[in-house]
4 protein chains.
Amino acid sequence: MSSQRKIETVERKQQLTDVALSQFALNGYHKTAVSDVVKEAGVSQGTFYWYFRSKEESALYIIEEGKKELLKVLEQGYRNEEATVEEMLLETNRLFYDFFTFAEENRNLMILLLIKGVGADTPIHKAASETFTAIEKASQRNLVRARELNLLPQNMDVSIQSTLITNMVIGTISSWLFGPNLDINYKPDVSAEKMATSAAMLGFYGITGY
Amino acid sequence: MSSQRKIETVERKQQLTDVALSQFALNGYHKTAVSDVVKEAGVSQGTFYWYFRSKEESALYIIEEGKKELLKVLEQGYRNEEATVEEMLLETNRLFYDFFTFAEENRNLMILLLIKGVGADTPIHKAASETFTAIEKASQRNLVRARELNLLPQNMDVSIQSTLITNMVIGTISSWLFGPNLDINYKPDVSAEKMATSAAMLGFYGITGY
Amino acid sequence: MSSQRKIETVERKQQLTDVALSQFALNGYHKTAVSDVVKEAGVSQGTFYWYFRSKEESALYIIEEGKKELLKVLEQGYRNEEATVEEMLLETNRLFYDFFTFAEENRNLMILLLIKGVGADTPIHKAASETFTAIEKASQRNLVRARELNLLPQNMDVSIQSTLITNMVIGTISSWLFGPNLDINYKPDVSAEKMATSAAMLGFYGITGY
Amino acid sequence: MSSQRKIETVERKQQLTDVALSQFALNGYHKTAVSDVVKEAGVSQGTFYWYFRSKEESALYIIEEGKKELLKVLEQGYRNEEATVEEMLLETNRLFYDFFTFAEENRNLMILLLIKGVGADTPIHKAASETFTAIEKASQRNLVRARELNLLPQNMDVSIQSTLITNMVIGTISSWLFGPNLDINYKPDVSAEKMATSAAMLGFYGITGY
DNA sequence: AATGAATGAGCGTTCATTCAT
DNA sequence: GATGAATGAACGCTCATTCAT
């Protein structure tokens with residue numbers, strides 16, 4: 001019977017993190033009460049505050065951890081020294097595919113990052129935004145390098161281009177994953193692969209060059 | 001003399017709407033209390049409830065009105081029967097320009113629609129999403145028609161394309177207008193015209209075809 | 001029946017003030033919960049916050065109002081231009097008598113000022129202390145004037161003297177009014193008059209000169 | 001080697017007592033959490049409860065120990081059989097001096113006894129009060145004896161006199177040691193000796209007989 | 001002796017909403 | 001139309017205390 005009681009510290013924190021994330025994702029940060037989280041986790045209110053200094057800190061922790069994982073995935077891409085546009089397209093395709101796949105496998109995190117955390121308090125939505133700023137920065141670096149390698153036209157404005165492409169991908173993830181009503185229970189009707197390819201193609205050749 | 005002081009019903013509702021919108025935009029829906037709104041408007045708590053059944057209803061009203069205006073602006077675009085890709089690009093350019101300009105002139109509305117209302121309760125962010133669903137639908141109609149006119153490749157998936165392009169534009173409006181931290185006081189450093197042209201170009205020809 | 005409901009704003013605030021004071025006096029500031037106060041007052045929790053910004057503000061309000069009343073009473077004393085030590089003693093006697101009487105008639109206030117508010121948060125016990133600082137200042141002014149009129153020895157240190165006398169009176173009020181255990185329900189066994197006379201005599205002539 | 005690290009039970013209890021006293025003195029009994037004390041002491045929450053049954057018990061222990069030490073110091077005074085008023089004054093002077101000096105050397109204890117413990121729960125401030133009741137009792141005994149020895153007028157009310165004098169000294173210690181705002185960091189600007197002499201003189205001869 | 005995770009009652013405060021006037 | 005006092009549920013958070021290890 002005592003074995004049921006004792007839980008490793010790290011497990012308990014993870015458990016609370018998981019429950020909190022799923023509730024934030026389902027109902028939003030503000031509508032999720034700490035009392036809801038602990039009720040679902042089956043612990044007392046005080047326990048939550050043993051692991052997190054505040055509700056806000058728990059959200060920041062979730063976002064920070066998620067950001068790390070997401071960036072780890074994305075940093076695998078664009079590593080090679082491409083020599084042709086086709087190679088670059090292939091790399092981009094892989095990067096986008098990894099992104100869409102990660103999003104698909106981390107629905108709760110993504111909806112918090114993309115949507116539900118956005119209406120939260122400033123520190124939280126700032127943390128969430130930073131994730132995508134990092135992505136945009138990376139995208140921009142890649143474009144600059146590609147232009148230096150003469151893989152892209154010299155007259156393009158890479159800053160705007162990377163903004164456009166990043167927002168295209170991120171926004172599309174939202175509507176692909178959560179549907180028109182941004183519903184956590186929505187089921188995508190297109191595969192991650194198809195989405196990634198379409199996004200890469202559009203980014204490279206536009207609607208006219210399909 | 002009282003006629004000078006008398007505020008018409010319609011004016012009072014508009015006043016409350018304006019104040020509420022600016023506060024929602026500044027602090028978010030949840031962090032804005034009805035008491036804050038009426039304090040700034042200089043009326044009593046009860047007055048708010050004379051004009052709106054609830055706080056939620058006031059937000060829905062704001063979004064509904066804003067949606068109407070935005071769609072009115074966007075429906076001006078894509079009206080002509082284009083015959084060439086160049087004409088179509090020009091039209092798209094104008095449409096995007098109208099969109100970016102409207103956004104620039106209605107910052108409060110846009111941040112509510114794009115960001116601050118998103119963390120709000122389900123009915124509200126549903127209403128906000130619908131605005132962009134409408135835009136995406138329109139975009140899709142145009143792509144279909146263009147394909148029928150043989151202005152675009154036949155093998156493209158218009159549904160995905162319109163999703164990608166719409167999200168590109170909408171997401172870009174967010175970061176262009178409110179910066180990386182989604183701050184209502186951020187000042188865009190690129191003109192609406194430049195943004196619109198870049199977006200249209202990218203959408204038509206991709207990064208390779210600049 | 002509606003007449004039972006409607007209460008003038010000023011009355012309600014006074015009612016809450018009275019209830020809060022009596023509970024602070026009985027149980028101390030920290031041990032008194034806002035919920036206790038409103039329960040006794042028969043109003044809802046929210047009503048308390050309609051009249052006071054916070055629990056602390058309510059205590060400060062009580063102390064501030066009490067301070068005003070106390071100082072009003074004390075400022076009646078020492079007004080005349082005494083010419084002899086005997087007249088000065090008479091005046092002091094009257095002043096002390098007013099002080100002891102006021103204390104007797106405002107037990108709740110006095111225990112808050114003297115004792116129960118002292119363990120409260122800094123702003124509150126600061127406000128309470130200020131009351132007695134004001135009294136000590138006044139006492140010192142009187143001693144200075146008396147010395148100038150040659151009613152008192154020239155070599156005395158008025159600052160220390162006024163500290164000693166003020167503390168004698170204030171401390172004595174505590175133990176006289178609330179007994180050795182500082183109990184709000186304690187009944188003094190000596191009259192205010194007798195206490196005042198004794199204090200004045202001791203202050204003027206010491207234990208040897210009785 | 002472990003004997004160098006081992007902390008004796010008695011030491012650990014003393015350490016906790018010291019830390020608790022300094023925190024009670026600094027922040028007050030109610031605002032000091034057990035978690036604060038153990039944090040500063042570098043032990044776990046549970047350890048506190050190994051040495052004390054409760055937080056309240058720890059405060060009572062501190063007060064009880066302090067009371068013992070204080071009374072030990074004060075019981076040195078008034079020991080001789082004085083024959084004249086001058087000798088009695090000298091003894092009183094020494095007693096007061098010992099009191100003021102003890103207070104100066106035990107600031108934390110005194111502020112707890114005099115001020116910060118007063119706002120605490122009834123048992124605690126009862127314990128603190130008892131200290132001063134003991135002092136008053138002793139003072140009264142001395143006055144009675146002095147009157148029996150014909151050193152003082154026969155018509156005086158020794159009960160009231162001892163109350164007045166005791167409160168004078170105790171109250172004065174507060175304001176001398178902690179200033180008008182009862183601040184633990186206040187620095188007295190008059191020596192203990194000067195204060196003691198002034199108090200003794202005032203008690204014996206009053207303001208007129210300086 | 002000592003740890004530290006866990007408890008749970010309780011607190012101060014907020015705020016959307018109601019309603020008699 | 002408008003007021004503003006009143007409500008009461010809910011929330012985030014604290015903290016003295018317990019207890020298996």
Side-chain angles (χ1 to χ4, degrees), chain A residues 1-3 5-9 11-13 30-38 41-58, chain B residues 6-9 12-13 30-38 42-58, chain C residues 1-9 11-13 30-38 42-58, chain D residues 6-9 12-13 30-38 42-58:
Chain A
M1 43 192 335
S2 75
S3 70
R5 270 208 171 168
K6 177 67 184 184
I7 283 197
E8 293 297 319
T9 277
E11 289 176 30
R12 175 92 339 139
K13 182 162 188 178
H30 270 122
K31 301 263 287 185
T32 299
V34 173
S35 63
D36 296 332
V37 175
V38 298
V43 298
S44 75
Q45 194 97 342
T47 299
F48 183 92
Y49 287 91
W50 178 260
Y51 292 97
F52 301 106
R53 233 190 300 277
S54 66
K55 179 184 162 186
E56 179 169 304
E57 205 209 60
S58 77
Chain B
K6 186 78 184 309
I7 288 194
E8 295 297 322
T9 278
R12 173 107 316 157
K13 182 164 189 176
H30 268 122
K31 307 251 295 182
T32 298
V34 172
S35 64
D36 295 332
V37 175
V38 298
V43 298
S44 75
Q45 199 99 330
T47 300
F48 183 91
Y49 285 87
W50 179 262
Y51 291 100
F52 301 105
R53 225 190 314 268
S54 66
K55 177 183 163 187
E56 181 169 300
E57 204 207 62
S58 77
Chain C
M1 39 188 342
S2 75
S3 70
Q4 291 176 333
R5 269 205 172 171
K6 177 66 184 184
I7 283 197
E8 291 298 318
T9 277
E11 289 177 30
R12 176 81 355 129
K13 182 163 189 176
H30 270 122
K31 302 263 286 185
T32 300
V34 173
S35 63
D36 296 332
V37 175
V38 298
V43 297
S44 74
Q45 195 96 341
T47 299
F48 183 91
Y49 287 90
W50 179 261
Y51 293 98
F52 302 105
R53 233 189 299 275
S54 66
K55 178 183 163 188
E56 180 169 304
E57 204 208 62
S58 77
Chain D
K6 185 79 185 306
I7 287 193
E8 296 296 322
T9 279
R12 173 107 316 157
K13 181 163 189 176
H30 268 121
K31 305 252 296 182
T32 299
V34 173
S35 65
D36 295 333
V37 174
V38 299
V43 299
S44 76
Q45 200 99 326
T47 299
F48 184 91
Y49 286 88
W50 178 264
Y51 292 99
F52 301 105
R53 223 189 315 269
S54 66
K55 177 184 163 187
E56 181 170 299
E57 204 208 63
S58 77

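Chain identifiers are assigned alphabetically (A, B, ...) following the order of the sequence lines, protein sequences preceding nucleic acid strands; residue numbering begins at 1 within each chain. Below, all heavy atoms of this structure are taken into account, side chains as well, without hydrogens, waters or symmetry copies. These numbers were taken from a predicted model, which means no experiment stands behind them.
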Taking side chain as C-beta onward, heavy atoms only, is A/Val37 less than 4.5 Å from A/Lys55? no
Sequence neighbours excluded, which residues qualify as salt bridge (charged side-chain N to carboxylate O under 4.0 Å, His left out) partners of D/Glu57? D/Arg53
P atoms of F/dT21 and E/dA1, separation to the nearest Å: 22 Å
Results of side-chain contact (heavy atoms from CB on, under 4.5 Å) for D/Ser35 - residues two or more places apart only: D/Ala33, D/Gln45
Applying side-chain contact (heavy atoms from CB on, under 4.5 Å), name anything that partners D/Glu56, two or more places apart in sequence or on another chain. D/Tyr29, D/Ser54, D/Leu60, D/Asp121, D/Pro123, D/Ile124
What is the distance, rounded to the nearest whole Å, between atom NZ of B/Lys13 and atom C1' of F/dG1? 14 Å
Could you spell out the base pairing of DNA chain F in dot-bracket, with Watson-Crick or G-U pairs whose two distances are under 3.5 Å, [ ] crossing and | to another strand? .||||||||||||||||||||
Begin from the C-alpha positions of C/Val38 and C/Thr47 and carry the test side chain to side chain contact (heavy atoms under 4.5 Å, CB included) through to its verdict. CA-CA 8 Å; C/Val38 298; C/Thr47 299; 5.9 Å; no
Does D/Phe48 have any ring-ring contact (aromatic ring centres under 6.0 Å, His included) partners at least two apart in sequence or in another chain, and if so, which?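 Expected list: D/Phe52.
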Does atom NZ of B/Lys31 have more than 12 heavy-atom neighbours from other groups under 6.0 Å away?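 Result for NZ/B/Lys31: open.
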Sugar-phosphate or base contact per nucleotide [nucleotides 7-14 of chain F; S, B, -; heavy atom under 4.0 Å]: BB--SSBB
